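The next block holds one structure in the form of structure tokens; read it before the comments.
Treat the numbers as computed from the prediction; the structure is a model and nothing was measured.
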Amino acid sequence: MKEKVYIYFDEFGNSHLNTDKQGAFSHYVYTAILIKESNLEKARMKREELSKQFFQKRDIKSNRISNDKNGFNKRLKVLDSLNELDFLIYSFVINKSEIDSKGLQFKKSFIKFFQKLFVKKFAQHFTSFEIFADELGHPEFKISLTKFIEENALQRDLFNPDRYYKLANDVSDEKLIQLADFLSGCIGKIYCVSHLHPDAEILFDKLHDRLHVDFFPFQKSYFFANLPENTTELDKKVASISLDLVERYFETYRKQNHHYCEEVLKHLLLYFKVSPDRLVDTRELVSVVKRIDNNYNEQSLRQAIAELRDNGVIVVSIQGRYGYKIPNKLEDIYGFFNRYLNSVIPMLRRVNSVNDLLKMESVNDVNVLYNESEFNTLKELVDIIDTKRNTQ
């Protein structure tokens with residue numbers, strides 16, 4: 001049986017859909033910190049430690065950290081200390097400018113709709129969990145929201161009875177929600193365009209190895225925002241096609257999610273958004289999924305990458321470099337093709353060499369490559385390589 005998970009979440013931004021006003025939030029961000037039951041006491045001790053060290057023994061609130069350089073450095077120090085704890089982050093980034101439903105103009109409807117989508121994610125991945133959301137609204141709304149989530153998001157049944165959702169005060173009821181408050185402020189400075197921090201990539205570097213992010217809706221233009229200024233038209237075309245194929249995959253295949261393909265692809269997208277030229281280390285991708293499935297390994301990852309490629313997503317690995325990425329420039333494709341070129345041609349030559357040795361030593365009794373029809377394609381490729389080598 002998988003270990004029980006405790007989930008604490010808070011939000012960044014507000015539900016107002018008018019994003020044109022000065023100071024308005026372009027995005028609404030839910031962020032949850034997920035902690036295994038075996039790490040729960042350590043998490044409580046860490047919260048106390050952070051409170052004493054950085055917040056004068058007061059409650060931890062992201063908005064108590066100033067937006068100047070000193071405040072940013074303080075935020076990094078808090079993250080360094082918090083990262084000593086074993087936890088996972090899941091964020092849900094909602095682009096309010098793309099919401100055209102009149103019903104979602106009302107705060108209560110907005111909160112119910114997006115909390116349902118957010119909470120449903122946990123039911124997909126975990127058997128046993130307790131969710132603590134920072135309480136909001138009047139008592140009547142709290143009762144209504146709790147009932148709505150219980151009935152529409154937890155997916156509790158005979159086989160999964162240990163699933164709970166609670167609204168709690170982050171001071172008097174459940175102080176670990178304060179960690180979600182702090183993390184939500186950090187994530188908001190990375191993904192909320194209106195409140196994007198100029199050093200968002202530094203924040204991302206502190207969090208990326210334990211971060212899962214979903215976007216609503218998926219928008220190609222949103223991921224384009226961080227491409228280098230000197231990006232050529234051909235590079236933009238490569239990036240655009242790559243994102244089109246990602247979007248098509250999510251629309252067509254994401255419900256299957258074999259080998260945790262969706263989680264792998266979403267993590268590659270995080271890098272495309274924040275640091276598009278970097279490759280994601282294999283160990284990092286395995287580590288991210290391993291927090292959901294402890295049995296996940298490098299072989300599982302290779303299967304996921306193969307399935308993504310087979311289903312039309314361009315995921316490249318580049319000659320002379322380590323890791324994977326979604327291509328954002330033509331050079332990535334050159335590197336990807338060169339990687340295969342430098343692998344496939346030597347392999348074909350080795351096949352030809354083995355066949356030649358057997359043919360010679362057996363006086364042509366063993367000439368598999370040319371005598372067996374099942375290897376016709378391989379023979380044709382070897383002939384092409386031989387012809388090219390002999391004409392050079």
Side-chain angles (χ1 to χ4, degrees), residues 2-3 5 32 34 36 83 86-92 121-122 124-127 204-215 218 223 238-239 241-329 331-344 347:
K2 290 185 178 180
E3 186 174 353
V5 178
L34 288 69
K36 293 178 182 178
N83 281 340
D86 186 19
F87 64 91
L88 185 68
I89 306 167
Y90 173 57
S91 288
F92 188 29
K121 269 294 174 188
F122 306 124
Q124 292 174 13
H125 290 301
F126 304 109
T127 302
F204 179 75
D205 283 340
K206 297 286 186 183
L207 297 167
H208 64 82
D209 61 340
R210 57 185 77 204
L211 179 63
H212 292 255
V213 182
D214 262 329
F215 299 92
F218 180 90
F223 292 93
V238 168
I241 292 169
S242 299
L243 290 174
D244 282 341
L245 295 171
V246 169
E247 185 172 18
R248 192 179 305 167
Y249 174 86
F250 281 142
E251 291 172 352
T252 309
Y253 296 106
R254 72 183 306 172
K255 287 185 179 180
Q256 298 177 12
N257 201 21
H258 300 146
H259 313 297
Y260 293 99
C261 289
E262 183 182 337
E263 278 67 32
V264 171
L265 185 54
K266 285 192 295 186
H267 203 69
L268 293 173
L269 274 173
L270 298 189
Y271 274 81
F272 191 99
K273 167 64 180 171
V274 180
S275 189
D277 288 333
R278 289 163 62 182
L279 276 79
V280 190
D281 189 278
T282 300
R283 290 165 295 185
E284 180 177 328
L285 287 167
V286 171
S287 176
V288 166
V289 182
K290 205 174 183 71
R291 293 175 183 271
I292 299 171
D293 181 353
N294 196 48
N295 296 319
Y296 204 77
N297 54 35
E298 288 198 18
Q299 177 60 29
S300 306
L301 176 63
R302 284 192 287 271
Q303 290 174 320
I305 296 296
E307 183 163 327
L308 287 169
R309 288 169 172 168
D310 290 344
N311 287 325
V313 179
I314 303 176
V315 179
V316 299
S317 46
I318 295 174
Q319 176 68 23
R321 298 173 65 188
Y322 186 68
Y324 298 98
K325 71 186 300 258
I326 297 169
N328 67 302
K329 54 184 181 293
E331 182 184 340
D332 291 340
I333 306 302
Y334 290 154
F336 180 52
F337 285 0
N338 273 322
R339 183 183 185 92
Y340 278 88
L341 187 66
N342 290 330
S343 298
V344 172
M347 290 169 68

Check the pair E262 / K121 against salt bridge (charged side-chain N to carboxylate O under 4.0 Å, His left out), numbers first and verdict last.
CA-CA 12 Å; E262 183 182 337; K121 269 294 174 188; 3.0 Å; yes
Do F122 and Y90 pass the ring-ring contact (aromatic ring centres under 6.0 Å, His included) test, and can you show the C-alpha distance, the side-chain angles, and the key distance before you say yes or no?
CA-CA 9 Å; F122 306 124; Y90 173 57; 5.6 Å; yes
Starting from the C-alpha separation in whole Å, work towards a yes-or-no answer on side chain to side chain contact (heavy atoms under 4.5 Å, CB included) for L243 and E247.
CA-CA 6 Å; L243 290 174; E247 185 172 18; over 6 Å; no
Check the pair D205, R278 against salt bridge (charged side-chain N to carboxylate O under 4.0 Å, His left out), reporting the backbone distance first and the verdict last.
CA-CA 12 Å; D205 283 340; R278 289 163 62 182; 2.8 Å; yes
Under the side chain to side chain contact (heavy atoms under 4.5 Å, CB included) criterion, do L279 and Y324 qualify, and how do the steps go?
CA-CA 5 Å; L279 276 79; Y324 298 98; 5.9 Å; no
Stepwise, does the side chain to side chain contact (heavy atoms under 4.5 Å, CB included) test hold for V238 with D332?
CA-CA 9 Å; V238 168; D332 291 340; 5.8 Å; no
Check against side chain to side chain contact (heavy atoms under 4.5 Å, CB included), Y253 and V313
CA-CA 11 Å; Y253 296 106; V313 179; over 6 Å; no
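Within a 6.0 Å radius of OH in Y322, more than 12 heavy atoms belonging to other residues, nucleotides or ligands are found. Within 6.0 Å of CZ in R302 there are more than 12 heavy atoms belonging to other residues, nucleotides or ligands. Atom CZ of F250 sits in a crowded spot, with more than 12 heavy atoms from other residues, nucleotides or ligands closer than 6.0 Å. Other residues, nucleotides and ligands contribute only 12 or fewer heavy atoms inside 6.0 Å of the CD atom of E331.
Put simply, the side chain of R309 never gets that close to the backbone of I314: no donor and acceptor are under 3.5 Å apart. The closest donor-acceptor contact from the side chain of S317 to the backbone of G323 lies at 3.5 Å or more, if one exists at all. In this structure a side-chain-to-backbone donor-acceptor pair under 3.5 Å is missing from K329 to A239. The closest donor-acceptor contact from the side chain of N297 to the backbone of V286 lies at 3.5 Å or more, if one exists at all. A donor-acceptor pair is defined here as one N or O able to donate and one able to accept, closer than 3.5 Å; no such pair exists between the side chain of S300 and the backbone of Y296. Using modelled atom types, no side-chain atom of R291 and backbone atom of L88 make a donor-acceptor pair closer than 3.5 Å.
With contacts defined as side-chain heavy-atom distances shorter than 4.5 Å, the pair L301/T282 qualifies. Between K325 and I318 there is a side-chain heavy-atom pair separated by less than 4.5 Å. For the pair V288 and H212, the minimum side-chain heavy-atom distance is below 4.5 Å. The closest side-chain heavy-atom distance from F218 to V246 is below 4.5 Å. Within the 4.5 Å cutoff, no side-chain heavy atoms of D244 are placed close to those of Y249.
Looking only at atom types and distance, the side chain of H267 has a donor-acceptor partner in the side chain of E284 under 3.5 Å away.
In terms of heavy atoms, E263 sits closest to V289 at CB-CG2, 4.2 Å. Residues L211 and L270 share a closest heavy-atom pair of O-CD1, 3.7 Å. Nearest approach of H259 to E307, heavy atoms of both residues: CD2-OE1, 3.2 Å. Between P276 and N328 the shortest heavy-atom distance is O-OD1, 3.1 Å. Of all non-hydrogen atoms in D281 and R283, the two that sit nearest each other are OD1-N, 2.7 Å. Summarising the geometry of L285 relative to V264, their closest heavy-atom pair is CD2-O, 4.1 Å, with the distance given to 0.1 Å.
Between F204 atom CZ and D209 atom CG the span is 9.5 Å, to the nearest 0.5 Å. Taking CG of L308 as the start and NE2 of H258 as the end, the distance is 12.0 Å to the nearest 0.5 Å. Between atom CZ of residue F272 and atom CG of residue D277 there is a gap of 9.5 Å, rounded to the nearest 0.5 Å. Atoms NZ and CD1, on K273 and I326 in that order, are 13.5 Å from each other to the nearest 0.5 Å. Separating the CG atom in L245 from the CG atom in N311 is a distance of 11.5 Å, to the nearest 0.5 Å.
Two rings, from F215 and F92, have their centers 6.0 Å or more apart.
Taking the six-membered ring where the residue is Trp, H208 and Y271 present perpendicular rings, their angle passing 60° and hence far from 30°.
Ion pairing between D86 and R210 fails under the 4.0 Å rule for side-chain N and carboxylate O.
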